[in-house]
Amino acid sequence: MTRADPAAATGNVDGVTLRRWTSDDRWAMREMNADPQVMTTIGPVMDDAASDAFIDRIDRSFVDHGFGLWCVDVNGEPAGFCGLMLPWFRDGVEIGWRLRSSMWGRGIATTAARLAADQAFSVSGLGLTELISFTAAINSRSIAVMERLGMERDLGGDFLHPGVPPESPLAPHVLYRLSAARYRDGL
Ligand SMILES: CC(C)(COP(=O)(O)OP(=O)(O)OC[C@H]1O[C@@H](n2cnc3c(N)ncnc32)[C@H](O)[C@@H]1OP(=O)(O)O)[C@@H](O)C(=O)NCCC(=O)NCCS
């Protein structure tokens, strides 16, 4: 797979940029992943060691695949993550996001998602032809980001997430897709 220059994923839309995580940002990942409001639609809150290990896995993804979950920077402050990953249980390249709850309601996730999609689809970036995204069917905030980005629901793609107990309200998931052609047409 083509390797993306992480620096090329930066942009500047309303003070929002994507950049790699640094050691100075670890507090933000820790705060976000320990916040029950953030984790309600994802799973259990994470302790500091788990959040630090998560950043280490992100760093490995950039080395191994040339993409990963960027730090969403808002005028110098780490707001959360947005970026690309390979799902462990299916094919496709997933676009995803998570923000500190103090950063919600300002359009930051959608702006960051556009920057990540720009990078994914640009021929000078990763040159991908399609992105997928999925979330718990009850996660209306994340679904709204997908729809603002121009993603389309794959109605045949509903599934029970294999990493979630099937009886959990977080198990039923919806699947969205975005082709490079559709994204370019919408610009
Ligand atoms: C999913 C998540 C990132 C969405 O955050 P968000 O703040 O709702 O999304 P955006 O940053 O796109 O902001 C949209 C909101 O900002 C408002 N807004 C304000 N100024 C705006 C602007 N200039 N442009 C766009 N929207 C703006 C919108 O009206 C919208 O408000 P609403 O929620 O009242 O409809 C966030 O809820 C989150 O981190 N959740 C937990 C993690 C998670 O579920 N991740 C996905 C797992 S698959």
Side-chain angles (χ1 to χ4, degrees), residues 9 11-19 21 25 27-47 50-51 54-55 57-58 61 67-75 77-118 120 130-154 157-165 168-178 183 186-187:
N12 199 340
V13 183
D14 300 326
V16 178
T17 59
L18 301 182
R19 59 172 174 77
W21 289 86
D25 302 318
W27 67 269
M29 182 70 90
R30 291 175 172 186
E31 178 194 290
M32 178 172 73
N33 290 342
D35 181 343
Q37 187 183 5
V38 171
M39 302 305 280
T40 300
T41 51
I42 301 173
V45 295
M46 294 164 69
D47 64 18
S51 279
F54 188 41
I55 290 187
R57 286 199 299 280
I58 290 172
S61 171
F67 58 76
L69 299 172
W70 287 283
C71 176
V72 179
D73 183 301
V74 181
N75 297 313
E77 184 179 348
F81 69 68
C82 179
L84 310 173
M85 64 205 118
L86 297 177
W88 58 270
F89 58 89
R90 59 157 295 147
D91 60 358
V93 179
E94 180 191 1
I95 184 168
W97 34 75
R98 186 182 303 173
L99 296 183
R100 293 163 50 218
S101 52
S102 57
M103 296 288 177
W104 294 10
R106 293 161 54 182
I108 294 167
T110 302
T111 303
R114 290 201 185 102
L115 291 173
D118 289 347
E130 186 188 63
L131 291 172
I132 60 169
S133 195
F134 46 82
T135 191
I138 59 172
N139 193 350
S140 53
R141 278 187 172 272
S142 190
I143 291 170
V145 176
M146 294 173 197
E147 292 182 347
R148 282 192 290 268
L149 187 61
M151 301 192 87
E152 286 184 301
R153 184 164 174 193
D154 179 345
D158 290 5
F159 66 102
L160 290 175
H161 195 294
V164 181
S168 166
L170 297 181
H173 271 56
V174 291
L175 176 69
Y176 276 71
R177 297 179 185 273
L178 180 62
Y183 185 65
L187 290 178

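Indexing begins at 1, ligand by ligand and atom by atom, following the structure's order. Below, all heavy atoms of this structure are taken into account, side chains as well, without hydrogens, waters or symmetry copies.
Inclusion of W97 in the set of residues having an N or O under 3.5 Å from an N or O of ligand 1 is warranted. The N/O atoms of G107, backbone and side chain alike, include one that comes under 3.5 Å of an N/O atom in ligand 1. For ligand 1, the polar-atom distance check finds no N/O of I42 at less than 3.5 Å from any of the ligand's N/O atoms. Inclusion of V145 in the set of residues having an N or O under 3.5 Å from an N or O of ligand 1 is not warranted.
The residues R19 and D25 are annotated as salt-bridged, a charged nitrogen and a carboxylate oxygen being separated by less than 4.0 angstrom. Ion pairing of R153 with D158 is present here, as a side-chain N (NZ or NE/NH1/NH2) and a carboxylate O approach within less than 4.0 Å.
Ring geometry for F134 versus H173: interplanar angle of 30 to 60°, hence tilted.
Taking 4.0 Å as the cut-off, R100 does not count as a neighbour of ligand 1 on heavy-atom distance. At least one heavy atom of G105 sits closer than 4.0 Å to an atom of ligand 1.
By the definition of a contact as any protein heavy atom under 4.0 Å away, atom 21 (C) of ligand 1 is in contact. Per-atom contact check: atom 10 (P) of ligand 1 touches the protein, criterion being a heavy-atom distance below 4.0 Å. Using a 4.0 Å threshold on non-hydrogen atoms, atom 35 (O) of ligand 1 does not count as touching the protein. Within a 4.0 Å radius of atom 13 (O) of ligand 1, the protein contributes one or more non-hydrogen atoms.
In this structure, the side chain of R100 engages the main chain of P78 through a donor-acceptor pair within 3.5 Å.
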